[in-house]
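Treat the numbers as computed from the prediction; the structure is a model and nothing was measured.
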Amino acid sequence: TSLAGDKNQNLYNFALSQVGSKPETYINTTWYGKVNLLKGLVFNTRFNYTTDFLEVTDSRSNALPAWNFLTMQEVSPPTPASQLTTYSSYSKTWSYTLESTLNYNTTIRDKHNISAFIGFNQNYNQSYNLNAQGYGLIDPSLTAISTASSFPVNPTGSATDYAFRSVFGRFNYNYLEKYLLEVNVRNDGSSRFGTNYKYGTFPSVSAGWNMAKEGFLSALNDHNIQELKLRASWGRTGNSTFYDANGNPQNYRWQALYGQTPYAFNGAAYPGLDLNNLANLELHWETVQQTNIGLDIVSLRNFSASVDWFRKKTFGILFQPAIDPTHGNAAAPYGNFAQVGQNGFELDLGWHDKVGDFNYSIAGNVSYQYGNSVLQYKGPLVAGWTVTNGDSVYNTNIGAVSASSGSNTQTIQGHMISEYYLQTLYHGNGTYVAGGVATPTNGPKTGMIRTPDDLAWAQAMLNEGYKFQQST
């Protein structure tokens with residue numbers, strides 16, 4: 001099967017040696033239902049089921065011989081069945097979502113528009129997998145995992161699941177599209193938190209005033225202003241999804257997690273349990289609170305603009321801190337330890353028009369953020385120079401309070417998010433005169449020794465007992 005005898009470079013040999021299959025089945029189905037109960041009152045329900053099933057069987061050893069057809073000799077015999085391997089894996093992911101809402105819409109006296117709904121949502125996700133590899137087959141043609149004679153590597157597998165449940169509602173009111181009000185509230189539950197902290201309540205409210213529809217501002221219509229809306233909103237949303245350092249979602253961190261480990265008893269090894277992660281029964285929802293004030297302008301002359309001011313605060317941020325080594329090998333529990341704040345302005349401008357049969361639009365956005373700071377994290381940064389036995393020593397706790405002490409960007413309480421840290425260079429006022437009194441403030445303006453006067457100042461500082469820190 002090979003002219004040169006190298007079966008690893010022969011496509012025919014490679015194709016014959018690939019024994020196995022990799023079927024995958026994916027199903028996604030959704031069922032809907034709608035019932036008109038009364039005038040303006042509608043019940044909707046939806047059920048979705050999704051599954052992804054993958055099975056892999058693969059005999060990865062090569063049992064074929066290799067021949068050199070120039071010499072008509074076998075240069076590599078087939079691998080004995082006792083040395084062949086076979087591999088099987090099985091994985092399945094499935095989920096379902098059930099959502100039902102009861103909607104109501106009505107208009108009173110052609111002026112008061114009211115809509116409201118209440119709803120329920122439940123979602124469950126589960127995934128699991130199994131992997132096994134065996135050695136020594138009965139026959140090269142029999143690759144089922146049960147035909148292997150030994151399993152030097154233990155089979156591996158894992159399983160995980162999580163669930164959400166929510167009850168929510170919304171109320172909308174507008175008067176002639178002039179005054180607008182919306183109120184929302186939802187109660188969300190997550191299996192990622194303990195019994196007493198599974199649920200969080202997140203309300204929001206928004207209001208708007210379309211001033212262009214006011215009679216005393218009718219002059220706006222003379223300037224082709226279709227909409228001039230002032231709006232304000234306040235609300236909270238929750239988050240229960242968080243990840244470890246490797247990007248893996250964490251579903252059970254409110255509990256203590258254990259792993260299997262051997263222990264010695266009476267001169268023999270026995271399987272036992274080892275605490276891997278400490279529990280935090282008070283782990284709860286991460287919350288984002290945002291306030292927004294904005295103004296929208298829409299002109300019949302194809303122009304639109306929107307300006308917003310916002311203040312955003314995220315508190316109860318989920319992360320895993322470091323703990324003292326006296327706790328042993330167990331990792332620290334995740335907790336709601338951090339807070340960050342953001343403020344800013346946004347401006348959106350748009351223009352749309354038509355030239356003949358050609359339609360075009362142009363849009364632009366400008367944003368400015370300020371006060372983007374870490375309000376709570378691992379504690380404040382303490383750093384500075386101290387003099388010990390005549391020597392200046394720089395001390396800092398940055399390794400304990402920063403998220404990335406070895407990086408140029410730091411996340412530290414009381415500082416901007418991902419703030420850049422640069423070394424502060426020395427700059428004097430340049431007033432030192434040779435033969436005068438040297439002080440830390442009257443050195444060279446450039447902070448560098450470039451002139452005879454600069455060198456004289458440096459020498460005078462050393463004579464006064466000062467020391468210079470070596471640059472690194």
Taking Asn359 for the side chain and His352 for the main chain, is one N or O donor matched with an acceptor at less than 3.5 Å? no

Applying side chain to side chain contact (heavy atoms under 4.5 Å, CB included) to Phe164 and Gln122, what does each step give before you reach the verdict? CA-CA 6 Å; Phe164 297 101; Gln122 181 166 301; over 6 Å; no

Heavy-atom count around Glu55 CD within 6.0 Å, excluding the residue itself: above 12? yes

Under 3.5 Å, is there a donor-acceptor pair between the side chain of Ser166 and the main chain of Asp188? no

Less than 4.5 Å apart, any side-chain heavy atom of Tyr334 and any of Arg192? no

Glu346, Arg231, Lys229 screened by side-chain hydrogen bond (donor to acceptor under 3.5 Å, both in side chains) with Ser306, the one that passes: Arg231

Evaluate the side-chain proximity of Val355 to Tyr360: yes if any heavy-atom separation is below 4.5 Å, no if none is. yes

For the residue pair Asn395 and Thr386, establish whether any side-chain heavy-atom pair is separated by less than 4.5 Å. yes

Which atom names give the shortest non-hydrogen contact between Leu462 and Tyr466, and what distance separates them? CD2-O, 3.5 Å

Please name the pair of heavy atoms, one in Gly316 and one in Asn336, separated by the smallest distance, quoted to 0.1 Å. O-ND2, 2.8 Å

Under 3.5 Å, is there a donor-acceptor pair between the side chain of Asn174 and the main chain of Glu177? yes

Rounded to the nearest 0.5 Å, what's the gap from CD on Gln376 to OG1 on Thr314? Could you check? 12.5 Å

With distance as the sole criterion, is a donor-acceptor pair present between the side chains of Trp457 and Asn442 under 3.5 Å? yes

Does a donor on one side chain and an acceptor on the other come within less than 3.5 Å for Thr29 and Asn48? no

If I take atom CG from residue Asn187 and atom OG1 from residue Thr201, how far apart are they, to the nearest 0.5 angstrom? 4.0 Å

On a heavy-atom basis, the closest approach of Ala279 and Ala256 is CB-N, 3.3 Å

Heavy-atom side-chain proximity of Phe151 to Gln133 below 4.5 angstrom: no

Minimal heavy-atom distance between Tyr173 and Ile114, with the atoms involved, is CD1-CG1, 3.8 Å

Derivation and outcome, side chain to side chain contact (heavy atoms under 4.5 Å, CB included), residues Ile323 and Leu278: CA-CA 10 Å; Ile323 58 173; Leu278 299 175; 4.0 Å; yes

Donor-acceptor under 3.5 Å (Gln320 side chain, Ala332 main chain): yes

Does Ser373 use its side chain to pair, donor to acceptor, with the backbone of Leu375 at less than 3.5 Å? no

Where Pro321 and Pro333 come nearest, the two heavy atoms and their spacing: CD-O, 3.4 Å

Spatial distance of atom OG (Ser299) from atom CH2 (Trp351) [nearest 0.5 Å]: 7.0 Å

What do you reckon, is CZ of Arg46 surrounded by more than 12 foreign heavy atoms closer than 6.0 Å? yes

Taking atom types as modelled, is there a side-chain donor on Thr93 or Asp52 under 3.5 Å from an acceptor on the other? no

Once the angle between the rings of Phe265 and Tyr270 is folded into 0 to 90°, is it parallel (under 30°), tilted (30 to 60°) or perpendicular (over 60°)? perpendicular

Between Asn105 and Asn103, a side-chain donor and acceptor under 3.5 Å: no

For the atom pair CG (Asn372) and CD (Gln342), what is the distance rounded to the nearest 0.5 Å? 5.0 Å

Could you walk me through whether Phe53 and Tyr26 pass the ring pair (Phe, Tyr, Trp, His ring centres under 6.0 Å) test, one step at a time? CA-CA 6 Å; Phe53 170 70; Tyr26 180 78; over 10 Å; no

Return yes if some donor-acceptor pair links the side-chain N/O of Trp285 with the main-chain N/O of Lys198 below 3.5 Å, else return no. yes

Given the rule in the side-chain hydrogen bond (donor to acceptor under 3.5 Å, both in side chains) test, do Arg253 and Asn277 qualify, once you have shown the distances and angles that lead to the verdict? CA-CA 8 Å; Arg253 286 298 186 169; Asn277 294 88; 3.2 Å; yes

Is a donor on one side and an acceptor on the other found under 3.5 Å between the side chain of Tyr426 and the backbone of Pro440? yes

Is any side-chain heavy atom of Phe193 less than 4.5 Å from a side-chain heavy atom of Leu283? yes

Applying ring pair (Phe, Tyr, Trp, His ring centres under 6.0 Å), can you list everything that pairs with Trp254, at least two apart in sequence or on another chain? none

Is there side-chain contact between Ile317 and Gln339, with at least one heavy-atom pair below 4.5 Å? no

Please verify the inter-ring angle class for Phe117 with Phe168; under 30° counts as parallel, over 60° as perpendicular, anything in between as tilted. perpendicular

Steps toward side chain to side chain contact (heavy atoms under 4.5 Å, CB included) verdict (Trp94, Tyr124): CA-CA 8 Å; Trp94 68 275; Tyr124 179 75; 3.6 Å; yes

Do Asp161 and Tyr252 pair up side chain to side chain, a donor and an acceptor below 3.5 Å, judged on atom types alone? yes

Tell me if the CG atom of Asn329 is crowded by more than 12 foreign heavy atoms within 6.0 Å. no

Verify, without hydrogens or angle tests, whether His427 (side chain) and Lys445 (backbone) share a donor-acceptor contact under 3.5 angstrom. yes

Looking at side-chain heavy atoms only, is the closest gap between Glu182 and Leu180 below 4.5 Å? no

Can you list everything that forms a salt bridge (charged side-chain N to carboxylate O under 4.0 Å, His left out) with Arg236? Sequence neighbours excluded, please. none

Exercise: identify the closest heavy-atom pair between Pro380 and Val401: O-CG1, 3.7 Å

Please step through side chain to side chain contact (heavy atoms under 4.5 Å, CB included) for the pair Tyr258 and Leu275, ending with a clear verdict. CA-CA 5 Å; Tyr258 292 83; Leu275 180 62; 3.8 Å; yes

If you define the side chain from C-beta out and look only at heavy atoms, does anything of Phe319 sit under 4.5 Å from Lys378? yes

Do any N or O atoms from the side chain of Asp454 and from the backbone of Gly443 form a donor-acceptor pair under 3.5 angstrom? no

Check: Asn210/Tyr179 side-chain N/O donor and acceptor closer than 3.5 Å: no

Would you check if the side chain of Gln250 reaches a backbone N or O of Asn248 as a donor-acceptor pair within less than 3.5 Å? yes

State whether a side-chain donor-acceptor pair under 3.5 Å links Asn131 with Asn129. yes

Between atom CD of Gln290 and atom NZ of Lys313, what is the distance when rounded to the nearest 0.5 Å? 14.0 Å

Looking only at the side chains, is there a donor atom on one of Arg165 and Asn121 sitting less than 3.5 Å from an acceptor on the other? no

Compute whether any side-chain donor of one residue and acceptor of the other, for Thr451 and Asp453, lie under 3.5 angstrom apart. no

Supply the atom-to-atom distance Leu381 CG to Gln410 CD, rounded to the nearest 0.5 angstrom. 9.0 Å

